[in-house]
Amino acid sequence: MGIPGLGLFRQLFSILVFLQEASRIRRMPSPHNVVHTRGLSMRAAIVARVALIVCFVITALPFAAMAQVDEEPVMRAGGPVEGMLDFESCVRLALHQSPYFINSGMQIEMRRLEEDDAMYDMLPDIHITSSYVVHDPATNRDNPVRMGFSMNNYDPFTAYFEVQARELMTRLAVLGHLNALSDGIYEVAKVYLKLNTLSRTAAFQDELIALAEHKGEYVHNRIDSGGATPLDARIVEQEIELARLEREQIRISQSALLDSIKSLLGVPVEQNLELDIQDADMQVMGGFDPYAMELAEVRANSIELKVSEYTQELQEYNVQMAYARYIPSFTAGVSSADAMEGGADWYVSVGASTPLWDWGERARNVTREKNRLATLLAEEEMVTLDLDSSWRAALSDMNSASTSLQLARARAELAGLKRRQGEISYHAGTITFPEYLETIEAYFEAQKDVLNNELDYSLAMLNLRHLSGHLY
């Protein structure tokens, strides 16, 4: 690949050589005009050459920066993942290569570049202008080279407030990245909990399938002896089909959750991913106790509240910048009518610029920025109230899930006792085999209900940990 701007470099260099040659010819002694000394001509030529070289270098810098940008590496997803991953390993992998975190991370880099731009705005921009005139009718001179250096509209006061504002915008970008990380980890944690529940539910469902098949064998054997009818056989076959369909539904849900976590981790869908989902509750919660959390700590950890505070502080700088527009901007410059002429005069100029009458625009702008600040103050109160309400609602949901879990466990314990009672009655001959199988089926269904309620309780507690700021 060629160097960006190489053709333009050559053109600029050719122009520089041409101008140097023109100045050399103009400095040659003339029989009609020999009034200028050789020393003055040489000094003027040196100044002009240096200025042209500076102009050449400044023009070349953007193209050199373009060449560096083209060589920047492109962020891509990681390679194959080997071994079994627990929850902590999944989080580390997601932070390393998940595409969902790249955007917010790049926003931080962009804000830092803007912060650097604001820092350099504290210094005035120096502009160089030059022109090669074929004939100047005002002085009746041929081929004068005009050159000037200028500093236009320098406003250090606004630049200072802009630096402070850009620093706050960088902090807001960091908070946005942290919020993306928190949401991503929250989604990974939910998938882990659901996969653990589905895995344990699948084991109970396999037991129910085996139970239905035993019942089917028993009914078919009873048909031969006249103890059952073909209708009984069709009913039990339908029960077997329903149990198998529920198992297939669990498998599909597991596959969908695995695909979703691969997407979150930045892993190709076709790649095999092994997850260690044993003790998923302990892996995800890590001993988190929501009752030990104070509301003040929740507020201190809230990303939304920090964003609201930084946005309010940023708006305060906007108010100050609105006032800074009353301060005039400054200009300065140095120029020459013919920089290549020996003993040419250089003129220095300084000045200030401010609107004489803007029809109240600056005053309205100050009022507008103050109104926005008042709006942000009200929004901060709303964010605080919403956070308090969300925390209390999450606590209520967890308490409700805890009560439902206790109820499900009590029902499962009762089902276990009835199963034991049915086993004793069956061996005593007081109930039939299908009746005994029904007590076992009720027990497995009760265990499945316990797993679903345990998942609801775990998700409610996970939501509390997410709100508390202790998840990332």
Side-chain angles (χ1 to χ4, degrees), residues 74-107 176-206 244-286 288 303 390 394 397-398 401 448-472:
V74 179
M75 299 183 67
R76 300 182 184 273
V81 179
E82 298 179 357
M84 186 170 290
L85 300 178
D86 57 7
F87 175 69
E88 185 177 352
S89 300
C90 282
V91 171
R92 288 199 301 266
L93 182 62
L95 295 179
H96 175 68
Q97 67 179 37
S98 175
Y100 292 94
F101 302 148
I102 293 177
N103 183 36
S104 57
M106 294 304 296
Q107 289 294 326
H177 185 54
L178 289 177
N179 190 48
L181 293 179
S182 179
D183 291 342
I185 296 173
Y186 180 53
E187 293 300 324
V188 172
K190 287 196 296 185
V191 171
Y192 246 80
L193 293 174
K194 291 178 181 179
L195 282 174
N196 179 45
T197 299
L198 287 175
S199 176
R200 297 166 63 188
T201 303
F204 285 121
Q205 191 62 35
D206 291 337
R244 290 174 178 172
L245 288 175
E246 288 186 17
R247 181 64 180 86
E248 179 64 15
Q249 190 177 30
I250 293 174
R251 187 196 64 79
I252 293 174
S253 298
Q254 288 176 312
S255 179
L257 287 173
L258 281 174
D259 289 343
S260 67
I261 199 171
K262 287 179 182 179
S263 177
L264 290 170
L265 300 181
V267 176
V269 178
E270 63 275 8
Q271 181 177 334
N272 185 33
L273 186 65
E274 297 183 4
L275 300 177
D276 180 14
I277 56 177
Q278 298 296 325
D279 300 324
D281 289 346
M282 183 60 64
Q283 292 187 49
V284 172
M285 299 307 168
F288 172 72
I303 295 179
S390 299
D397 291 341
M398 189 193 68
K448 288 172 57 178
D449 188 54
V450 169
L451 291 179
N452 291 330
N453 281 275
E454 285 180 349
L455 176 61
D456 293 340
Y457 177 74
S458 297
L459 291 176
M461 184 175 290
L462 177 63
N463 185 36
L464 281 169
R465 189 179 183 190
H466 180 52
L467 289 175
S468 69
H470 282 264
L471 190 59
Y472 62 92

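Predicted, not measured: the structure shown is a model, and the values here were computed from it.
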Original post:
So, are E88 and R92 salt-bridged, with charged N and O less than 4.0 Å apart?
Top reply: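 So E88 pairs with R92 through a salt bridge.
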
Original post:
What do you reckon, is CD of Q249 surrounded by more than 12 foreign heavy atoms closer than 6.0 Å?
Top reply: no

Original post:
CG of D279: more than 12 outside heavy atoms within 6.0 angstrom?
Top reply: no

Does [X] use its side chain to pair, donor to acceptor, with the backbone of [Y] at less than 3.5 Å?
| X | Y | value |
| --- | --- | --- |
| S104 | G176 | no |
| S260 | L257 | yes |
| T197 | L193 | yes |
| Q97 | L265 | yes |

Which heavy atom of [X] sits nearest to which heavy atom of [Y], and what is that distance?
| X | Y | answer |
| --- | --- | --- |
| S263 | Y100 | OG-OH, 2.9 Å |
| L462 | M285 | N-CE, 3.5 Å |
| G286 | R465 | N-NH1, 4.2 Å |
| V284 | Y192 | CG2-CB, 4.3 Å |
| R247 | D206 | NE-OD1, 2.9 Å |
| K190 | L459 | CG-CD2, 3.9 Å |

**OP:** Hey, could you give me each pair passing salt bridge (Lys or Arg N to Asp or Glu O under 4.0 Å) that has a residue in residues 449-461? Not counting sequence neighbours.
**Re:** R200-E454, R409-E454

Original post:
Does one side chain, of S199 or N196, offer a donor that lies under 3.5 Å from an acceptor on the other?
Top reply: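 Checked: S199/N196 side chains show no N/O donor-acceptor pair below 3.5 Å.
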
**OP:** Evaluate the side-chain contact (heavy atoms from CB on, under 4.5 Å) criterion for residues I261 and E187: first the C-alpha distance (whole Å), next the side-chain angles of each, then the deciding distance (0.1 Å), finally the verdict.
**Re:** CA-CA 8 Å; I261 199 171; E187 293 300 324; over 6 Å; no

**OP:** Show your working on side-chain contact (heavy atoms from CB on, under 4.5 Å) between E246 and I250 and close with a plain yes or no.
**Re:** CA-CA 6 Å; E246 288 186 17; I250 293 174; 5.6 Å; no

**OP:** Given side-chain contact (heavy atoms from CB on, under 4.5 Å), test L93 with V267 step by step and report yes or no.
**Re:** CA-CA 9 Å; L93 182 62; V267 176; 4.0 Å; yes

Once you round to the nearest 0.5 Å, how far does [atom1] of [X] lie from [atom2] of [Y]?
| X | Y | atom1 | atom2 | answer |
| --- | --- | --- | --- | --- |
| D86 | Q278 | CG | CD | 12.0 Å |
| N452 | L198 | CG | CG | 8.5 Å |
| L467 | S390 | CG | OG | 6.0 Å |
| F87 | I277 | CZ | CD1 | 14.0 Å |
| K262 | E270 | NZ | CD | 8.0 Å |
| Q283 | D281 | CD | CG | 9.5 Å |

**OP:** Enumerate the residue pairs fulfilling ring-ring contact (aromatic ring centres under 6.0 Å, His included) with a member in residues 248-270, sequence neighbours excluded, ordered by first and then second residue.
**Re:**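 Those involving residues 248-270 do not exist here.
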
